[in-house]
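Single-structure report; data block below.
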2 protein chains.
Amino acid sequence: MACQSVGEVDGTPYGAAGPMCSRDVSAGFPQPGHDHHPCRLRFVAGAEAVCREKGARLTRVRRQVLEILAASHRPLGAYDILEQMVSTSPSGRRPAPITVYRVLDFFQELGMVHRLSSRNAFFLCSQGGHRQTMPFWLCRECDTVTEASLPELEMAMPRRAAELGFSPISVQVEVEGVCPHCRARGRDPVMVEGCR
Amino acid sequence: MACQSVGEVDGTPYGAAGPMCSRDVSAGFPQPGHDHHPCRLRFVAGAEAVCREKGARLTRVRRQVLEILAASHRPLGAYDILEQMVSTSPSGRRPAPITVYRVLDFFQELGMVHRLSSRNAFFLCSQGGHRQTMPFWLCRECDTVTEASLPELEMAMPRRAAELGFSPISVQVEVEGVCPHCRARGRDPVMVEGCR
DNA sequence: CGTGAAAATGTGACACTATAACGTTTCTCT
DNA sequence: AGAGAAACGTTATAGTGTCACATTTTCACG
Ligand SMILES: [Zn+2]
Ligand SMILES: [Zn+2]
Ligand SMILES: [Zn+2]
Ligand SMILES: [Zn+2]
């Protein structure tokens with residue numbers, strides 16, 4: 001039901017900051033302040049494609065949430081989204097929290113939205129769904145999240161699991177640190193392999 | 001302040017189910033229903049050692065929380081701990097939630113307690129603190145958590161981070177699945193490399 | 001010893017995150 | 001059109017975590 005591999009849009013994973021979107025892009029980390037318009041279009045077009053493909057209904061509420069998520073490379077809390085729904089919506093009506101959560105569940109089922117559990121926040125998958133374990137790289141400075149695979153992890157996990165006699169069902173990797181752009185702008189913090 | 005490597009107690013990482021603790025132990029996954037008494041003693045002794053070593057005060061409240069965490073291989077929610085403090089305490093007084101969180105923060109600073117962010121739950125570190133990125137293996141059936149390293153991850157993470165221009169500060173890996181004991185007792189679920 | 005500063009805890013209020021239960025609307029398919 | 005399913009609305013409530021400030025405990029120092 002979830003996690004199906006989905007093609008790219010335009011040959012570009014649709015969240016990645018492509019050449020149209022920003023010049024100085026370090027390996028997929030969007031430049032803060034870049035022209036986000038093309039990103040947004042790509043995000044939304046990609047999501048529409050996924051929904052079409054899977055026969056899922058992209059209703060008004062869902063589209064609204066999608067647009068809000070697509071308008072940012074940062075993970076948003078459910079209540080952030082809710083606030084933006086109020087200010088975005090022409091009617092100015094305030095949906096109940098459950099409405100937001102329902103939409104988020106829907107998108108998560110389709111693998112189109114990920115949840116950053118360390119922050120209770122949600123963001124659009126930049127790939128439109130994927131089978132692999134995709135680590136999330138979260139910048140502590142600018143709050144940007146990107147997804148970048150870690151092939152060694154893919155390789156090692158099944159082996160290690162077998163060794164332990166453990167059957168993995170899902171793997172969540174969250175890397176917190178400082179993105180290239182923020183690093184360029186300030187002193188970098190001490191590199192620590194976190195144990196917390 | 002956190003994440004310092006600390007020696008073992010007795011030559012055994014103090015959460016691991018050792019030979020005294022359970023006969024049939026698959027690579028550190030404690031047998032459900034095993035005699036937990038020795039585990040608990042080892043946990044507490046280990047924690048005392050860490051506190052002595054670091055000059056941290058192991059007060060009454062902290063010891064109480066420690067005992068509660070040590071009494072289980074399962075992660076506990078802050079409010080679970082709170083309830084147990086009520087029923088455990090001779091006075092039967094109910095501390096405020098903040099008290100529990102303060103204690104948990106304290107132990108986390110020392111690297112003695114980890115937080116499972118996918119579940120808002122906490123558990124005792126079985127090593128008494130460690131520098132490496134230590135994946136958490138959470139059994140969906142019995143809720144047991146264990147820590148087992150993934151050496152390839154240690155190797156690959158810095159390289160990949162450098163590639164991305166990203167400076168990691170902390171890494172959290174949570175693997176959810178079915179532990180060997182539960183697997184032995186039932187059908188195993190489909191193995192999926194999670195994307196959610 | 002006292003005593004003062006720092007650490008730890010208590011107290012009450014409150015913010016934030018998420019879900020339950022049930023009724024109504026909208027869509028789809030025949 | 002009509003039935004059934006899916007989506008959404010409404011209200012209430014459960015669960016998780018923090019703030020601000022008062023009080024107590026601990027510990028080093030004179
Ligand atoms: Zn993704
Ligand atoms: Zn950044
Ligand atoms: Zn640990
Ligand atoms: Zn199990």
Side-chain angles (χ1 to χ4, degrees), chain A residues 1 47 51-52 54-69 74-86 88-110 112-123 143 196, chain B residues 1 47 51-52 54-69 74-86 88-110 112-123 143 196:
Chain A
M1 161 185 317
C51 284
R52 249 195 321 279
K54 304 199 180 177
R57 277 152 61 180
L58 190 49
T59 64
R60 199 166 59 265
V61 196
R62 288 172 181 168
R63 169 171 295 274
Q64 199 181 357
V65 171
L66 174 64
E67 297 274 2
I68 289 167
L69 286 173
R74 306 179 1 181
L76 299 176
Y79 285 76
D80 296 337
I81 296 171
L82 200 154
E83 285 314 310
Q84 293 206 37
M85 287 174 81
V86 176
T88 300
S89 165
S91 64
R93 287 188 59 263
R94 172 182 304 272
I98 184 113
T99 299
V100 181
Y101 285 104
R102 282 197 279 230
V103 172
L104 290 171
D105 284 347
F106 167 79
F107 283 128
Q108 283 180 90
E109 293 287 315
L110 292 174
M112 294 168 58
V113 160
H114 299 304
R115 179 196 155 88
L116 251 190
S117 53
S118 64
R119 298 217 173 180
N120 302 324
F122 305 84
F123 63 98
D143 283 337
R196 200 148 345 140
Chain B
M1 149 188 330
C51 285
R52 252 195 319 279
K54 305 199 179 176
R57 278 152 61 180
L58 190 49
T59 64
R60 198 166 59 266
V61 196
R62 288 171 182 170
R63 170 172 294 275
Q64 199 182 357
V65 171
L66 174 64
E67 296 274 1
I68 289 167
L69 286 173
R74 306 178 358 179
L76 299 176
Y79 284 76
D80 296 337
I81 296 171
L82 200 153
E83 284 313 311
Q84 293 206 37
M85 288 175 81
V86 176
T88 299
S89 165
S91 63
R93 287 186 59 262
R94 171 182 304 271
I98 185 99
T99 298
V100 181
Y101 284 105
R102 282 198 279 230
V103 172
L104 290 171
D105 285 348
F106 166 80
F107 283 128
Q108 283 180 92
E109 292 288 315
L110 292 174
M112 294 167 58
V113 160
H114 299 303
R115 179 194 155 89
L116 251 189
S117 53
S118 64
R119 297 215 175 182
N120 303 324
F122 305 83
F123 63 98
D143 283 336
R196 202 152 338 146

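The sequence lines fix the lettering, A, B, ..., with proteins before strands; numbering per chain opens at 1.
Between the B/Gln64 side chain and the B/Met85 main chain, a donor and an acceptor come within less than 3.5 Å of each other. Not a single donor-acceptor pair under 3.5 Å links the side chain of B/Thr99 to the backbone N or O of B/Pro95.
Not counting sequence neighbours, the partners of A/Arg52 by the side-chain contact (heavy atoms from CB on, under 4.5 Å) test are A/Glu48, A/Ala49.
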What does nucleotides 6-21 of chain C look like as a protein-contact string, B for base, S for sugar-phosphate only, - for none, at under 4.0 angstrom between heavy atoms? -SSBBB-----BBBB-
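One interatomic measurement links the two molecules: CG of B/Leu58 to P of D/dT25, which rounds to 18 Å at whole-angstrom precision. Separating the CG atom of A/Leu82 from the C1' atom of D/dC8 is a distance of 14 Å, rounded to the nearest angstrom.
The shortest heavy-atom contact between B/Phe106 and B/Arg57 is CZ-O, 3.7 Å.
We find the CD-NZ distance between A/Glu109 and A/Lys54 to be 10.0 Å, quoted to the nearest 0.5 Å.
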